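Beneath this line is the structure, given in structure tokens, with notes to follow.
These figures come from a predicted structure and were not determined experimentally.
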Amino acid sequence: GDPVAGFTGPPMNMSYLSFNGNDWLEYADDPTLKYTGDLTISLWLKPQNIGLPSNYLNSGYWKQVIGKGLQTPTGSGVTEDKNYDLYLIGDRVYFEWDDRVTNTHYHIMTDTTAVTSGNWQYVNLVVEDGEPKIFVNGVSQSFSYYKSNVPGNSKITSTSQIPDVRLKDNQYPLTMGKQASTSYPFYYSGDIG
């Protein structure tokens, strides 16, 4: 991919990359970096075409922002090996990981609208001592846990079943602007600062 570099000028004075829905970046795995403990992803996002709040589960509005993993086709579907992925699922913020002990797919997703199209928003995903938090423009967002890699599928309703985030390292590249998958790339459209 080939996203276009830009600069916001005052008052933000920030460099950013503009993704048109076909662009992405890929960074080779650095074996000296292991993402298995605490993690913070901190980005300015100005997404385009996120859809209406009522259609956030329409896969046409699923956009991968950044992640480290791989999805490969198999005879019966696809298999995934994820360290982590941060997506916009329509107007929601979504974070997915594979548990390093059980290899179970989990995700959290904000319960209501968290982002809007065409505006800069400061999004932070924080994992500290196994506990995730999501902030948008400095405001903590409520979210739900799911035992699945399909957004909104298999919601965990019992607090005793809420997992710690135990990130599983892998050797795959880090991608920005699309999921590392030939079947479901989920390209991002908009700017990332």
Residue list, side-chain hydrogen bond (donor to acceptor under 3.5 Å, both in side chains) with [X], at least two apart or on another chain:
| X | answer |
| --- | --- |
| Asn119 | Thr116 |
| Lys68 | Asp29, Asn170 |
| Lys168 | Asp81, Asn103 |

I need the minimum non-hydrogen distance between [X] and [Y], along with the two atoms involved.
| X | Y | value |
| --- | --- | --- |
| Ser181 | Gln71 | OG-OE1, 2.6 Å |
| Gly118 | Gln48 | CA-NE2, 3.6 Å |
| Pro3 | Leu17 | CB-CB, 4.2 Å |
| Gly90 | Val115 | O-CG2, 4.2 Å |
| Val78 | Pro73 | CG1-CA, 4.0 Å |
| Pro47 | Gln121 | CD-NE2, 3.6 Å |

Dump the intermediate steps for side chain to side chain donor-acceptor pair (under 3.5 Å) on Thr113 and Tyr56, then the final yes or no.
CA-CA 9 Å; Thr113 296; Tyr56 71 93; over 6 Å; no

Please answer whether the main-chain N or O of Val101 pairs with a side-chain N or O of Asp99 as donor and acceptor at a distance below 3.5 Å.
yes

Any donor-acceptor N/O pair, His105 side chain to Lys147 backbone, under 3.5 Å
no

Derivation and outcome, side-chain contact (heavy atoms from CB on, under 4.5 Å), residues Tyr146 and Ile156
CA-CA 5 Å; Tyr146 301 84; Ile156 297 172; 5.7 Å; no

Only distances under 3.5 Å count here; give the side-chain donor-acceptor pairs of residues 184-193 to other protein atoms, sequence neighbours excluded, each with its distance to 0.1 Å.
residue, atom, partner, partner atom, Å
Tyr188, OH, Asp191, O, 2.9
Asp191, OD1, Ser18, OG, 2.8

For the [atom1] atom of [X] and the [atom2] atom of [Y], what is their distance to the nearest 0.5 Å?
| X | Y | atom1 | atom2 | answer |
| --- | --- | --- | --- | --- |
| Thr112 | Asp91 | OG1 | CG | 8.0 Å |
| Leu43 | Ile41 | CG | CD1 | 7.0 Å |
| Asp23 | Lys178 | CG | NZ | 11.5 Å |

Test: side-chain hydrogen bond (donor to acceptor under 3.5 Å, both in side chains). Region: residues 130-145. Which pairs qualify, not counting sequence neighbours?
Asp111-Ser142, Asp111-Ser144

Residue pairs meeting side-chain hydrogen bond (donor to acceptor under 3.5 Å, both in side chains), one or both in residues 151-163, sequence neighbours left out, come to Ser158-Ser160

Who passes side-chain contact (heavy atoms from CB on, under 4.5 Å) against Pro173, sequence neighbours left out?
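Partners of Pro173 by the side-chain contact (heavy atoms from CB on, under 4.5 Å) criterion, ordered by chain and then number, come out as Glu26.
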
Residues that Thr79 engages under side-chain contact (heavy atoms from CB on, under 4.5 Å), provided they are two or more places apart
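By the side-chain contact (heavy atoms from CB on, under 4.5 Å) rule, Thr79 matches Thr72, Thr74.
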
State, with a plain yes or no, whether a side-chain heavy atom of [X] is found less than 4.5 Å away from one of [Y].
| X | Y | result |
| --- | --- | --- |
| Asn83 | Tyr172 | no |
| Leu39 | Val126 | no |
| Phe135 | Val123 | no |
| Phe143 | Pro132 | yes |
| Ser117 | Asn49 | no |
| Leu167 | Val165 | yes |
| Asp98 | Thr104 | no |

Under 4.5 Å between side-chain heavy atoms, counting indirect links through other Ile/Leu/Val/Met/Phe/Trp/Tyr residues: same cluster for [X] and [Y] or not?
| X | Y | result |
| --- | --- | --- |
| Leu86 | Ile89 | no |
| Leu88 | Tyr94 | no |
| Met14 | Leu45 | no |
| Ile50 | Phe19 | yes |
| Trp44 | Val65 | no |

Under 3.5 Å, is there a donor on one side chain and an acceptor on the other for Thr175 and Tyr27?
no

Any residue meeting salt bridge (charged side-chain N to carboxylate O under 4.0 Å, His left out) with Lys82, in chain and number order, not counting sequence neighbours
Glu80, Asp85, Glu96

Identify which one of Trp24, Trp62, Tyr87 satisfies the side-chain hydrogen bond (donor to acceptor under 3.5 Å, both in side chains) criterion when paired with Gln179.
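Single side-chain hydrogen bond (donor to acceptor under 3.5 Å, both in side chains) partner of Gln179 among Trp24, Trp62, Tyr87: Tyr87.
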
I'd like a table of donor-acceptor pairs (distance under 3.5 Å, sequence neighbours excluded) in which one partner is a side-chain atom from residues 30-38, with atom names and distances.
residue, atom, partner, partner atom, Å
Asp30, OD1, Thr32, N, 2.9
Asp30, OD1, Thr32, OG1, 2.6
Asp30, OD2, Thr32, OG1, 3.3
Lys34, NZ, Pro31, O, 3.4
Lys34, NZ, Asp169, OD2, 3.2
Asp38, OD1, Asp129, N, 2.9

Among all residues two or more places apart in sequence or in another chain, which pass the ring pair (Phe, Tyr, Trp, His ring centres under 6.0 Å) test with Phe95?
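Ring pair (Phe, Tyr, Trp, His ring centres under 6.0 Å) list for Phe95, sorted by chain: Trp97.
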
Under the ring pair (Phe, Tyr, Trp, His ring centres under 6.0 Å) test, which residues partner Tyr84, sequence neighbours left out?
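Expected list: none.
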
Step by step, work out the side-chain contact (heavy atoms from CB on, under 4.5 Å) result for Val93 and Leu125.
CA-CA 9 Å; Val93 176; Leu125 179 285; 5.9 Å; no

